Structure formats: structure tokens, C-alpha cells
Amino acid sequence: MSTPRTDSVQQDAPGEGTAQVPPAQRAAAPTPSLAKASGSMAIATLVSRITGFFWKIMLAWVVGTDVVSDSFTIANTLPNIIFELLLGGVLASIVVPLLVRSQDDPDGGAEYTNRLLTVGLTGLAVGTVVAVAAAPLFTWLYVDGSTGRANPDLVTVFAYLLLPEILFYGLFALLSAILQARQVFGPTAWAPVVNNLVIIATLGAYALLPGEITIDPVRMTDAHVLTLGVGVTLGIVVQSAMLLPALRRIGFRFRWTWGIDARLKEFGGLALWILGYVAISQAGMVITQRVLTAAADGGATIYANAWLLFQLPYGVIGVSLLTAILPRMSRAAAAGDTKKLVDDLSVGARLSTVMLVPISAVLTVTGSAIGVALFNAGETTFVAAQRLGLALAFSAFGLLPYALVMLQLRVFYAMKDARTPTLIMVVMTVVKVPLLYMTAAVVRPDQVVIGVMLVNSLTFVVGAVLGQMWLWVRLGNLHSKKVVKVIAMSVVAGVAGVAAGWLVTGLVLPAGVEGRVSAWVALVVQGLVASVVAFGVLALFRVPELKPATDRITRLVRRG
């Protein structure tokens with residue numbers, strides 16, 4: 001991998017040319033390397049995930065894992081949920097393919113882009129106003145206060161301050177889609193880092209405030225409440241503003257363009273299915289949050305942090321890969337090139353497998369140590385931190401199925417098929433909801449969060465199997481033998497890594513993890529042993545998909 005400046009030029013160049021190059025020449029332009037594009041984004045995404053993870057740890061240190069942190073966590077989740085219901089799932093799924101297709105217009109898609117942006121911003125603005133007004137209703141829906149372990153009033157106050165984020169989440173997603181359609185990935189990957197830095201500064205200011213949040217009664221004018229609410233919202237505003245210079249560099253100028261054309265009507269038809277998908281998935285989220293808030297204190301916060309840890313490797317590897325591969329798949333689908341589309345799907349699945357399965361093994365064996373090492377400080381107790389780590393360990397097997405589900409969705413959306421993912425989500429939710437209620441009924445309240453994370457992973461397995469079967473029916477041969485072979489070898493490697501990690505732990509720490517010091521020792525020893533063994537077994541198997549990943553890691557080390 002080249003220097004940072006060269007990477008930036010290589011990413012931005014295709015977008016800069018798109019505005020002036022005639023459609024015929026644009027169609028013939030070479031597609032940027034998938035490995036290079038995803039590798040460059042992986043660096044930015046890694047920094048983003050690390051800084052994002054750090055502010056989550058800071059939140060646990062400063063606030064703890066109790067009713068206050070649960071209230072903030074749930075309120076901070078609401079803007080994401082409502083944004084997804086309004087437009088988020090649509091933007092992430094079908095806007096990039098449609099913008100890629102519009103680049104064949106005589107004006108390079110400028111009018112269509114402006115029209116789409118006008119409609120999107122208008123809908124987001126109206127939705128944001130309605131959502132802020134309905135904050136108490138959302139609290140009632142997501143929080144089960146019947147057991148006295150939650151504080152609905154505090155959730156509502158935080159929600160009033162955080163729900164305006166919806167508009168800026170939408171703005172960021174729209175502008176990111178425009179850049180990604182032009183093969184410009186860098187700014188969208190680095191902007192969240194700035195957001196995280198703003199939140200870190202906010203938490204630092206919160207820690208310096210005297211006293212604690214007043215819960216009885218709850219007041220919006222409380223300095224602690226205002227600092228958290230306004231500071232976190234400001235981070236999203238800054239994140240959106242970070243994309244404006246990149247848009248100017250590619251020659252994009254926004255103009256309000258009103259009216260609905262034929263392609264926006266097509267967009268609307270696809271969007272309805274996407275909204276159905278999101279609504280069904282959020283029904284599962286509502287049940288998840290209610291089950292957590294009715295159980296032990298801190299369940300919602302522990303779940304959020306365990307989910308963040310679960311997504312960290314996927315965010316670095318999977319998201320970077322999907323962002324780079326989506327425009328390629330969209331072009332292949334638009335051209336009717338099924339072979340190219342299947343090739344991209346197969347490559348994406350195999351690259352994800354060789355990286356994520358060994359990482360799942362590491363998370364399984366180090367989960368408890370990770371929770372204690374990172375979170376057992378400040379206001380977070382050893383028991384709560386250990387519970388977080390166990391939730392991660394029990395759910396780690398779902399990392400690859402989750403990545404495969406996300407990849408399969410992109411294939412369906414590239415083919416402008418928004419109905420099938422929605423039907424798959426119906427099945428996943430039908431499986432998930434009864435398991436959540438069963439978990440709440442048979443598991444101790446303080447262990448419910450572990451069961452909920454386990455149920456999530458089982459649901460992803462169901463979704464991955466269904467998606468693969470459906471794509472096989474639609475596209476025919478998916479190179480399934482290659483994918484299954486790589487999965488089988490990766491699973492063997494992962495099991496070997498887990499076994500080695502547990503064996504070494506018994507020798508080094510016979511008493512197990514008893515505090516932060518022993519947790520860090522276990523984390524380092526287990527992590528190194530499990531990683532070396534898992535990836536070493538893959539190397540012995542001579543898995544060809546391992547080479548692109550190791551090449552990128554080697555270049556990153558050399559750059560360091």
C-alpha cells in the first residue's frame with residue numbers, strides 16, 4: 001500500500017473525472033482495485049472504530065453501567081433507529097446503485113442527484129421534527145419501566161437533545177452515497193473519526209463537572225444532561241460538514257431540484273420494500289430493548305458495548321470490503337453480467353471468511369478478559385465488565401454469518417431486488433422474537449444480556465443460509481464449493497486457535513481472570529496464541545484467499 005497522500009489521490013481521481021468525462025468514456029474507465037480500495041478504507045475504518053470504541057469505554061468509566069448509562073444509551077440509539085426507518089436503510093442499500101446508473105446521463109447524473117438529495121433532505125427534516133415531538137412515545141415503546149429498573153423520564157430528556165441527529169445522519173448518508181458512487185471513499189471513512197473526537201472531548205468535559213446527574217427529579221437544564229446531549233449531537237453535525245470539501249473537489253454543486261421523475265418513482269417502489277425491511281428489523285430491536293430494560297440494571301449498556309465489540313472486526317474488514325464492492329456489483333447488475341456479479345459475491349464471501357472466522361475464535365477465547373481489561377474501571381464493576389465479556393464470547397460465532405448477510409443484501413439491492421431481503425428479515429425476526437422471550441423467561445436477570453447476544457448470532461446464521469439459498473435460485477452457480485471449502489478450513493483453524501488459547505490460559509492463569517491485571521495478561525497471551533495458531537493453520541492449508549489479507553497487513557506494518 002502506498003503513502004497516505006497517494007492513496008487519497010488514487011481514490012479521488014475517478015470521482016474528479018466523472019463530472020466532465022462523456023458517458024461512453026466513463027463506462028470504459030477502469031474500475032479501481034477492490035483490494036486497494038477496501039485496504040485504504042480499512043485504515044480509516046480501523047481508526048474510526050478504535051476512537052468510537054474508546055469513547056464507549058470512557059462512557060462506562062465516567063457514567064458506569066447503571067440506569068443513567070442505560071438511559072443515555074437507549075436515547076442515543078433512537079436517532080439511529082428512526083433514521084433507518086425514515087431513509088437510512090434505503091440510502092445504504094439502493095441509492096449508490098441508482099446514482100451509479102445515473103452517471104450515464106448526458107449531464108453525468110447531476111440533475112438526478114440534486115433531485116434525489118432534495119427529496120431526501122425534505123423527508124429527513126420533516127421526520128426529525130416529528131420524531132423530536134414524539135420523544136415520550138418512543139420512550140414508552142422502547143423502555144419497559146414496569147420492573148423499576150429503568151428511568152423513562154431520563155430517557156425522554158436525553159431523547160429531546162439527541163433526536164435532532166436524525167437530520168445530520170441523513171445528510172451524511174446522502175453525501176456519502178454521492179461520493180461513493182464516484183469511487184471517492186476516503187472522506188466518508190475519516191469523517192466519523194472527527195465525530196468520535198468531539199464525543200471524547202464531550203465526555204472529558206462531563207467528567208470535570210462537579211456532582212452527578214439529578215435523577216429525582218429529572219431536569220433537562222442539568223449541566224450533565226446538556227453536556228452529554230448537546231456534545232454528542234454536535235459530533236454528528238461536524239461529521240456531516242467534513243464531507244463538503246470532498247464534494248467540491250469532485251465538482252458537485254447542490255441545487256434544490258423539485259419534482260418526481262420516472263426514476264424517483266422507481267426509487268420509491270424499492271424504498272417501500274426497504275422500509276418494510278427496516279421496520280421489521282426494528283420490531284426485533286424493540287423487543288430486544290424491552291427484554292433488556294426489564295432485566296438487570298445496565299443490561300442495555302452492556303448489550304450496546306458488547307455489540308460494538310462484536311462489530312469492530314466486521315467494521316474494519318466487512319464494511320470496507322462492502323463499500324468498495326457495492327459500486328462494482330451495481331455496474332455488473334446494470335450490465336446484466338451475472339458472472340461478474342457472482343464472482344464479486346464469491347470473492348467477498350471468501351475474503352470475509354479467512355479474516356473473520358479466526359477473529360471469531362480469538363473473541364471466543366478472550367471475551368471475558370476483554371470485558372474486564374477494558375471496562376472494569378471507574379464506575380463499572382468487575383461483575384458487569386465480566387458479563388459484557390461473556391456476552392461477546394458467546395456470540396462471537398455469529399460474526400461471519402452477520403458479514404455474509406450484509407454481503408448478500410448488497411447483491412440483492414444491486415439487482416434492484418428489495419423484496420427478497422425484506423422476506424428474509426421476516427423469517428429472521430420470526431425466529432428471533434420467541435427466542436428473546438424464552439431467554440427472559442428461563443435465564444437469570446443478570447445473564448439475560450448474554451442470552452440476547454447469543455440469540456442475535458443464531459438469527460444471523462438463519463439469515464445467511466436463507467440468503468445463500470435464495471441467491472442460488474436467482475443466479476445459479478455461486479461457486480458454493482469454493483466458499484464452503486474455505487469456511488470449513490477456516491472453522492478448523494478457528495477451533496484449533498480456541499483450543500490452544502484455552503490450554504495456554506490454564507497454564508498461565510490457573511485461577512482464571514480475577515482483576516484487570518490478570519485480564520490484560522490473559523488477553524495478550526490468549527489473543528496472541530489463538531491468532532497465531534488459527535492463521536498458522538490457514539497458512540498450512542495454503543488457503544489462497546489468505547494472501548491478499550497478509551499482503552495488506554505486511555504493507556501496513558512497513559508503512560508504520
Side-chain angles (χ1 to χ4, degrees), residues 49-70 72-73 200 203 207 292 295-313 315 358-399 443-454 456-457 497-531 534:
R49 294 284 170 161
I50 290 173
T51 52
F53 182 54
F54 181 70
W55 82 252
K56 290 285 188 179
I57 295 177
M58 278 189 68
L59 180 67
W61 291 347
V62 172
V63 181
T65 53
D66 55 13
V67 67
V68 175
S69 60
D70 274 0
F72 173 78
T73 299
I200 288 170
L203 290 171
L292 290 169
D297 291 349
T301 301
I302 290 172
Y303 174 85
N305 287 326
W307 177 247
L308 180 69
L309 283 165
F310 177 92
Q311 283 194 313
L312 181 61
I359 292 174
S360 295
V362 173
L363 294 179
T364 299
V365 77
T366 62
S368 179
I370 289 175
V372 175
L374 297 179
F375 290 93
N376 181 207
E379 299 296 324
T380 302
T381 66
F382 173 83
V383 173
Q386 188 178 50
R387 202 185 337 159
L388 190 158
L390 289 174
L392 175 64
F394 275 89
S395 62
F397 72 90
L399 186 56
V443 177
R444 288 200 333 252
D446 62 329
Q447 302 296 318
V448 164
V449 64
I450 299 174
V452 169
M453 287 291 291
L454 179 63
N456 277 355
S457 291
V498 170
W502 275 334
L503 178 62
V504 171
T505 303
L507 296 174
V508 177
L509 293 171
V513 174
E514 297 178 320
R516 290 196 77 192
V517 174
S518 60
W520 276 109
V521 172
L523 176 56
V524 172
V525 173
Q526 290 174 334
L528 284 174
V529 170
S531 299

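Keep in mind that what you see is a predicted model, and the values were worked out from it rather than measured. Because only heavy atoms are used, hydrogens play no part in the values below, and waters and symmetry mates are left out as well, while side chains stay in.
- With a 4.5 Å cut-off on side-chain heavy atoms, S457 and F310 count as touching.
- At least one donor-acceptor pair closer than 3.5 Å links the side chain of R387 to the backbone N or O of D446.
- Here F72 pairs with F158 under the ring pair (Phe, Tyr, Trp, His ring centres under 6.0 Å) rule; sequence neighbours left out.
- Between L392 and A306 the shortest heavy-atom distance is CD1-O, 4.0 Å.
- In this structure, NZ on K56 lies 6.0 Å from OG1 on T73, to the nearest 0.5 angstrom.
- Separation of atoms CD (Q386) and CD1 (I450) is listed at 8.5 Å; rounding is to 0.5 Å.
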Do F53 and I50 pass the side chain to side chain contact (heavy atoms under 4.5 Å, CB included) test, and can you show the C-alpha distance, the side-chain angles, and the key distance before you say yes or no?
CA-CA 5 Å; F53 182 54; I50 290 173; 5.6 Å; no
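- Contact check for S360 versus F397: no side-chain heavy atoms found under the 4.5 Å cut-off.
- Atoms CG and CD1, from N305 and I57 in turn, are 8.0 Å apart once rounded to the nearest 0.5 Å.
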Run the side chain to side chain contact (heavy atoms under 4.5 Å, CB included) check on S395 and W307 step by step: do they pass?
CA-CA 9 Å; S395 62; W307 177 247; over 6 Å; no
Only distances under 3.5 Å count here; give the side-chain donor-acceptor pairs of residues 366-376 to other protein atoms, sequence neighbours excluded, each with its distance to 0.1 Å.
unit_1: T366; atom_1: OG1; unit_2: V362; atom_2: O; d: 2.6
unit_1: N376; atom_1: ND2; unit_2: T380; atom_2: O; d: 3.2

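- Residues D70 and Y303 bring no donor and acceptor atom of their side chains to less than 3.5 Å of each other.
- Between the side chain of S531 and the backbone N or O of L528, no donor-acceptor pair lies under 3.5 Å.
- Between L363 and A396, the shortest heavy-atom contact is CB-CB, 3.8 Å.
- Considering CG of L203 and CE of M58, their distance stands at 5.0 Å, rounded to 0.5 Å.
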Derivation and outcome, side chain to side chain contact (heavy atoms under 4.5 Å, CB included), residues L309 and L388:
CA-CA 10 Å; L309 283 165; L388 190 158; 3.5 Å; yes
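- Applying the side chain to side chain donor-acceptor pair (under 3.5 Å) rule to T505 yields the partners Q526; only residues at least two apart in sequence or on another chain are considered.
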